[in-house]
Structures are given as C-alpha cells and as structure tokens.
**Student:** 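Sharing a structure, written as structure tokens. Questions coming.
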Amino acid sequence: DVQLQASGGGLVQAGGSLTLSCEGSGFNRGFADYAIGWFRQAPGKQREAISCDNRVYDIPYYSDPVKGRFTMSRDNAKNTMYLKMSSLKPEDTAVYYCAAELSVVADWRCGGMGYFGKGTQVTVSS
C-alpha cells in the first residue's frame with residue numbers, strides 16, 4: 001500500500017515562508033503515475049484540497065486562497081512532493097496533509113484521492 005509522511009510544519013510569522021515535504025513509498029506503478037496533492041484542515045473546518053498535480057491535466061490546480069503564494073513540486077526519483085508556502089497569513093493556520101492517487105483515478109482538483117499521510121501542523125502568528 002501507498003504510505004505518505006509529511007514533514008516541515010511549524011510556527012512562522014505572518015509574511016514568512018515554509019516548505020513542506022512528503023515522502024512516499026509503496027507506489028506499485030511508480031510515483032510518476034500518481035497524482036499528488038496537498039490538503040489542509042483548519043480548526044472547525046472541513047479538510048480542503050489546496051493544490052494538485054496530475055499529469056492527465058495540463059496545469060496544476062491551486063485553490064483561490066493559496067494561488068500565487070503556494071507552489072507545489074515533485075521529485076519523482078525521490079518519491080517526494082513539496083509545498084512551498086510564501087507570504088503566509090494567519091488564516092493559513094491548519095493541519096496540512098499530503099495525498100496521492102493513480103493519475104487516471106484522481107481529478108484535477110484532487111477529487112478521488114485515496115491515500116493520505118498524517119498531517120503536519122502549520123501555525124502562522126500575526
């Protein structure tokens with residue numbers, strides 16, 4: 001089974017930057033065949049997809065609240081995905097999760113993701 005482990009969360013001041021990493025294993029068809037994504041869940045809110053990279057689609061997906069500030073990338077040789085977060089705001093405070101699914105199963109906005117890692121806490125102070 002696919003297993004994912006996110007890391008890199010922490011406490012940062014508003015306006016600062018932070019980069020999350022997520023290393024995975026168990027990709028039977030190779031990491032490159034999987035769509036990858038980042039989700040977050042703020043206190044009292046539902047988990048939401050914030051970025052997704054799926055080679056089935058030409059461009060990655062970013063949710064409106066993070067567009068222009070967050071950048072997702074992947075290193076297929078290392079089975080690792082990254083989320084670079086810049087210009088952080090207090091409303092970005094949440095538990096962040098990485099996710100993966102076969103590209104042909106997941107959609108552009110990370111719908112259908114079947115594998116999630118344990119979250120990493122990001123706290124942005126004002």
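For the single chain, residues carry numbers from 1 onward in sequence order. Bear in mind the structure is a predicted one, so any value in this text is a computation, not a measurement.
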**Student:** Is the Phe70 ring parallel, tilted or perpendicular to the Tyr96 ring (thresholds 30°, 60°)?
**Tutor:** tilted
**Student:** Using a 6.0 Å cut-off, check whether atom CD of Gln3 has over 12 heavy atoms from anything other than its own residue.
**Tutor:** no
**Student:** Might you work through the side chain to side chain contact (heavy atoms under 4.5 Å, CB included) test for Tyr82 and Thr71, ending with a clear yes or no?
**Tutor:** CA-CA 8 Å; Tyr82 306 93; Thr71 302; over 6 Å; no
**Student:** Do you know the tightest heavy-atom contact between Leu4 and Cys22?
**Tutor:** CB-SG, 3.8 Å
**Student:** Quick check: closest heavy atoms across Ala106 and Met113, and the distance to 0.1 Å?
**Tutor:** CB-SD, 3.9 Å
**Student:** Backbone N or O of Asp107 within a donor-acceptor pair of the Tyr61 side chain at under 3.5 Å?
**Tutor:** no
**Student:** Closest approach of Ser17 and Ser87, non-hydrogen atoms and distance?
**Tutor:** OG-N, 4.4 Å
**Student:** Hey, is the main chain of Val124 close enough, under 3.5 Å, to the side chain of Thr93 for a donor-acceptor pair?
**Tutor:** yes
**Student:** Only counting residues at least two apart or in another chain, list the ones meeting side chain to side chain donor-acceptor pair (under 3.5 Å) with Lys89.
**Tutor:** none
**Student:** Could you pull out the closest heavy-atom pair between Met81 and Ala99, with the gap in Å?
**Tutor:** CE-O, 3.5 Å
**Student:** Looking at CH2 of Trp38 and OG of Ser63, how far apart are the two atoms once the value is rounded to the nearest 0.5 Å?
**Tutor:** 14.0 Å
**Student:** Please determine whether residues Phe116 and Val2 belong to a single hydrophobic cluster, defined as Ile, Leu, Val, Met, Phe, Trp and Tyr linked transitively by side-chain heavy-atom distances below 4.5 Å.
**Tutor:** no
**Student:** Is any side-chain heavy atom of Gln13 closer than 4.5 Å to a side-chain heavy atom of Leu88?
**Tutor:** no
**Student:** Provide the full list of ring pair (Phe, Tyr, Trp, His ring centres under 6.0 Å) pairs with a residue in residues 14-33, sequence neighbours left out, each pair given once.
**Tutor:** Phe27-Phe31, Phe27-Tyr34
**Student:** How long is the span from the CZ atom in Arg47 to the CZ atom in Arg40, to the nearest 0.5 Å?
**Tutor:** 14.0 Å
**Student:** Say whether Tyr62 and Ile59 are linked into one hydrophobic cluster, either directly or through other cluster members, by side-chain heavy-atom distances under 4.5 angstrom.
**Tutor:** no
**Student:** How close do Tyr97 and Lys118 get, counting heavy atoms only, and between which atoms?
**Tutor:** CD2-C, 4.1 Å
**Student:** Looking at Cys52, is its backbone amide N or carbonyl O close enough to the side chain of Trp108 to form a donor-acceptor pair, meaning the two atoms are under 3.5 Å apart?
**Tutor:** no
**Student:** Any donor-acceptor pair under 3.5 Å linking the side chain of Asn54 with the backbone of Ser103?
**Tutor:** yes
**Student:** Look at the side-chain heavy atoms of Ile, Leu, Val, Met, Phe, Trp and Tyr, link any pair under 4.5 Å apart, and say whether Val105 and Tyr57 land in one connected group.
**Tutor:** no
**Student:** Any side-chain heavy atom of Ser7 within less than 4.5 Å of one from Thr120?
**Tutor:** no
**Student:** Mind listing the closest non-hydrogen atom pair of Ala6 and Cys98 along with its distance?
**Tutor:** CB-SG, 3.9 Å
**Student:** Say whether, by atom type as modelled, one donor and one acceptor occur between the side chain of Glu101 and the main chain of Gly114 under 3.5 angstrom.
**Tutor:** yes
**Student:** Any side-chain heavy atom of Met72 within less than 4.5 Å of one from Pro60?
**Tutor:** no
**Student:** Output all residues satisfying side chain to side chain donor-acceptor pair (under 3.5 Å) with Thr123, sequence neighbours left out; order by chain, then residue number.
**Tutor:** Gln121
**Student:** Report the distance from atom CG of Leu83 to atom CD1 of Ile36, rounding to the nearest 0.5 Å.
**Tutor:** 10.0 Å
**Student:** Do Arg69 and Met85 have side chains that approach each other closer than 4.5 Å (heavy atoms only, starting at C-beta)?
**Tutor:** no
**Student:** Could you check whether any side-chain heavy atom of Val66 comes within less than 4.5 Å of a side-chain heavy atom of Ser51, counting everything from C-beta outward?
**Tutor:** no
